[in-house]
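Comments concern the structure below.
Please read these numbers as outputs of a predicted model, since none were measured by experiment. Throughout, protein chains are lettered first and strands after them, A, B, ... in sequence-line order, and every chain is numbered starting at 1.
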Number of protein chains: 2
Amino acid sequence: MHTTMPESHVRQAATAHDVARHAGVSQSAVSRAFTPGASISPAMRERVLAAAAALGYRPNLIARSLITRRTGMVGVAVGSLANHLYPGMLEALANRLQAEGYRILLFTAPRDGNADPEMEQILRYQVDAIVLAATTLSSHLADECSAAGVPVVLFNRTSSRAAAASVTGSNHDGAYALARLIAEAGHRRPAFIAGPPNASTNRDRQEGFLAGCAAHGLPAPIIVPGGFSEAGAIAAITELLARPEPPDAVFCASDHMAITVLDTVRHCFGLRVPEDISIVGFDDAPPAAWPSYALTTYRQPIQPMVEATVTLILERLASPEAPARQVVIPGELVIRRSCRLPPGVEPEG
Amino acid sequence: MHTTMPESHVRQAATAHDVARHAGVSQSAVSRAFTPGASISPAMRERVLAAAAALGYRPNLIARSLITRRTGMVGVAVGSLANHLYPGMLEALANRLQAEGYRILLFTAPRDGNADPEMEQILRYQVDAIVLAATTLSSHLADECSAAGVPVVLFNRTSSRAAAASVTGSNHDGAYALARLIAEAGHRRPAFIAGPPNASTNRDRQEGFLAGCAAHGLPAPIIVPGGFSEAGAIAAITELLARPEPPDAVFCASDHMAITVLDTVRHCFGLRVPEDISIVGFDDAPPAAWPSYALTTYRQPIQPMVEATVTLILERLASPEAPARQVVIPGELVIRRSCRLPPGVEPEG
DNA sequence: TTGAAAGCGGTACCAC
DNA sequence: GTGGTACCGCTTTCAA
């Protein structure tokens with residue numbers, strides 16, 4: 001003999017109304033019981049909570065958002081997760097955002113380019129903010145979001161438009177530092193395997209590298225496109241090594257490409273790194289630290305970058321009228337063993 | 001003297017009502033214009049669409065979901081993305097789901113164990129379905145979801161409870177096949193570096209490996225816990241190599257651990273692989289194929305697994321009463337160079 | 001085909 | 001502190 005249904009499958013979910021009836025109180029009271037800091041007596045809250053538990057009630061956050069105008073969802077657009085920098089970033093961002101009471105609505109930019117129709121959807125979901133972490137996404141999209149009044153933070157890229165906030169590593173300075181390291185280690189023929197020309201991240205690294213080479217007495221590097229992809233990187237290094245005067249130091253615009261290049265150089269061309277050729281990357285993605293690679297690179301500190309991203313979001317949510325800030329997180333040179341060392345310098349680890 | 005605001009920033013987003021007024025029609029008409037297959041004349045639709053474009057109207061999917069009872073969101077819970085199998089899985093799943101008109105609401109299980117409070121949130125968001133891809137999440141959670149009437153699919157794990165659908169690779173058979181390979185290559189002292197004992201995936205692989213060893217004349221393997229983590233894997237291999245009779249073949253319960261073990265064995269202990277010791281893994285995660293590792297492993301085919309996951313979701317959404325299916329996707333042995341070869345067998349690549 | 005009106009499940013303001 | 005009620009933005013009967 002039982003009074004309440006024995007919780008069978010697929011019952012219609014209990015609503016605040018059901019709970020109110022069950023507890024013999026108003027529906028408003030139910031709402032208050034689930035609103036931290038609302039004006040409600042302990043006795044009442046107790047009573048409501050008991051009824052809620054009995055019915056397996058769960059507040060409908062979607063319905064709530066309709067009136068509060070906050071969904072608690074942050075749209076995150078990522079390109080390929082094949083770049084080893086992004087899985088860690090995504091996980092850290094999700095954790096940090098969860099701690100602030102937000103969840104990630106994830107959008108992946110399809111390979112074949114045009115992500116705009118999908119991005120249109122992201123706005124229809126009334127996300128509270130958007131993080132754009134795909135180098136390939138048009139900045140037109142960022143404008144679209146800003147126009148819709150949704151705060152946008154560009155992660156690991158910038159935009160010429162002032163409306164978008166952004167968080168990046170020190171791309172220019174990092175690449176400059178790598179050029180200097182290469183010069184001081186006595187290399188004479190630098191090369192640069194580039195990412196997509198329209199990616200701000202790639203552009204800044206290229207500029208920094210060229211400036212660094214020039215400043216430290218190196219000739220202008222050979223520049224070959226690699227497109228931030230494995231296939232592109234292989235094609236690029238193959239072309240470089242086919243030259244009559246192959247480079248003695250190669251800077252890859254991302255660790256992802258650098259790892260591929262390292263493997264290719266060693267296992268396809270039988271070269272020793274760094275004795276025959278030095279390879280450096282950018283990011284300090286996890287595999288860069290693996291002993292098999294021991295890649296010399298420039299770190300983009302994920303945790304601080306994520307931290308800054310969340311801060312920017314919260315800032316703009318609090319005061320939408322404030323100007324968008326562009327934050328640059330300083331990185332650091334990580335000297336391992338894939339690049340010849342200048343006199344007196346020791347690798348880490 | 002203007003009638004409509006000149007679209008400045010942060011205007012309140014236009015609603016269907018605004019569009020209706022602007023077009024001089026009813027709000028219902030606006031709704032119909034944006035509902036494929038609704039009963040509306042071309043002229044009317046045209047008129048509404050024009051007004052919508054003029055106001056920058058975007059249908060509010062959240063409000064819609066309140067009445068349709070479909071949010072178009074699928075909750076996905078992942079553990080650490082450090083396991084290289086998951087980023088690819090997540091990307092593939094997001095793409096596939098997007099093609100079906102669904103987006104991913106992402107939840108990450110915090111390191112320190114208890115994910116239940118966060119999981120409670122996932123249900124409050126009224127997701128249409130849930131994918132559990134974290135080995136560490138309690139299956140109690142899966143029950144919770146089923147009880148709430150939300151279809152659940154376990155990815156890369158199973159549960160003893162019948163309520164949850166699941167998709168896994170052929171863990172038992174794969175591990176069995178690896179044991180056979182090890183035996184036929186002439187090894188005599190097998191070891192197993194295990195994952196968490198309560199993970200179904202680990203359990204199945206262990207059972208398969210033990211069975212395979214027994215069936216092919218090998219002694220029972222030494223079993224050491226590795227916890228699916230890098231630190232655990234290092235501790236495990238260190239312990240194994242300190243034994244008076246160290247193993248000559250080590251099966252790691254995941255590629256993630258196998259990669260770490262390979263690096264440790266080579267760079268910390270100065271051993272040659274596979275001449276001094278054979279290492280095999282499970283998953284065929286991307287780094288397994290990198291030339292520096294050339295890891296012999298058993299493939300879990302991500303694409304078919306994701307496909308099956310989406311199919312299961314769609315199935316259960318269409319007929320909630322149908323029994324939950326447990327799908328096993330067959331894998332295949334991937335023979336590379338981290339394990340000694342049986343006579344006559346050639347590595348791939 | 002079209003418009004009016006009743007909700008969907010909550011929150012917030014209003015008196016009491 | 002509590003209950004009543006308007007309303008968030010949309011879909012969906014129901015008549016016209």
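- Within the structure, a side-chain polar atom (N or O) of A:Ser26 is placed less than 4.0 Å from OP1 or OP2 of D:dG3.
- Helix bend of the helix from C:dT1-D:dA16 to C:dC16-D:dG1: the angle between its two end axes, each built from five pairs, comes to 40° after rounding to 10°.
- Between the side chain of B:Ser28 and the base of C:dA4, at least one donor-acceptor pair of N or O atoms lies under 3.5 Å.
- The distance between atom CD1 of B:Ile62 and atom P of D:dT11, rounded to the nearest whole Å, is 13 Å.
- Across all strands shown, B:Val30 has no heavy atoms under 4.0 Å from either base or sugar-phosphate atoms.
- Scanning both residues, A:Gln326 and A:Ala164, for their nearest heavy atoms gives NE2-O, 2.9 Å.
- Other residues, nucleotides and ligands place more than 12 heavy atoms under 6.0 Å from the CD atom of B:Glu120.
- With rounding to whole Å, A:Arg70 atom CZ is found 18 Å from D:dC8 atom P.
- If you check distances only, the side chain of B:Gln27 never reaches the base of C:dG3 with a donor-acceptor pair under 3.5 Å.
- For the OP1/OP2 pair of C:dT1 and a distance below 4.0 Å, the side-chain nitrogens and oxygens of B:Arg45 include no atom meeting the criterion.
- Here the side chain of B:Ser26 pairs a donor or acceptor atom with the backbone of B:Ala29 at under 3.5 angstrom.
- Heavy atoms of B:Thr15 sit under 4.0 angstrom from primed sugar atoms or phosphate atoms, though from no base atom.
- Between A:Leu66 atom CG and C:dA12 atom P the separation is 12 Å, expressed in whole Å.
- With distances taken from any side-chain atom of B:Met44 to the nucleotides C:dG10, D:dG3, C:dT2, the minimum falls on C:dT2.
- Phosphate proximity of D:dC10 to B:Tyr57: present, with a side-chain N or O under 4.0 Å from OP1 or OP2.
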Full working for side chain to side chain donor-acceptor pair (under 3.5 Å) between B:Thr168 and B:Asn156 | CA-CA 4 Å; B:Thr168 58; B:Asn156 199 21; over 6 Å; no
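- Going from atom CG of A:Asn60 over to atom P of C:dG7 covers 18 Å, rounded to whole Å.
- For B:Arg157 (side chain) and B:Ala133 (main-chain N/O), no donor-acceptor pair under 3.5 Å exists by modelled atom type.
- A heavy-atom distance below 4.0 Å to DNA chain C is reached by none of the residues of residues 33-41 of chain A.
- In this structure, A:Arg124 contributes its side chain and B:Pro59 its backbone to no donor-acceptor pair below 3.5 Å.
- Distances shown here put every side-chain N or O of A:Thr68 at or beyond 4.0 Å from the OP1 or OP2 atom of C:dT11.
- Put simply, CZ on B:Arg58 is 19 Å from C1' on D:dC8, counting in whole angstrom units.
- The nearest whole Å value for the distance from the CD atom in A:Gln12 to the C1' atom in C:dG9 is 12 Å.
- A donor-acceptor contact shorter than 3.5 Å is absent between the side chain of A:Asp128 and the backbone of A:Arg70.
- Per the geometry, CD belonging to A:Gln126 stands 9 Å off P belonging to D:dG9, to the nearest Å.
- Of the possible donor and acceptor atoms, one in the side chain of B:Ser41 sits under 3.5 Å from a partner among the backbone N and O of B:Met44.
- Counting only distance, with no hydrogens or angles, the side chain of A:Ser319 and the backbone of A:Glu321 share no donor-acceptor pair below 3.5 Å.
- Here C:dT11 presents its C1' atom at 13 Å from NE2 of A:His17, a figure rounded to the nearest Å.
- For C:dG3, the base has a donor-acceptor partner in the side chain of B:Arg32 [N/O atoms by modelled type, under 3.5 angstrom].
- Of all nucleotides listed (C:dT11, D:dC10, C:dG9), D:dC10 comes nearest to the side chain of B:Arg64.
- Sequence order on DNA chain C of the closest nucleotides to B:Ala29 and B:Ile67 puts B:Ala29 first from the 5' end.
- Panel note: side chain B:Gln98, backbone A:Thr108; a donor-acceptor pair is recorded below 3.5 Å.
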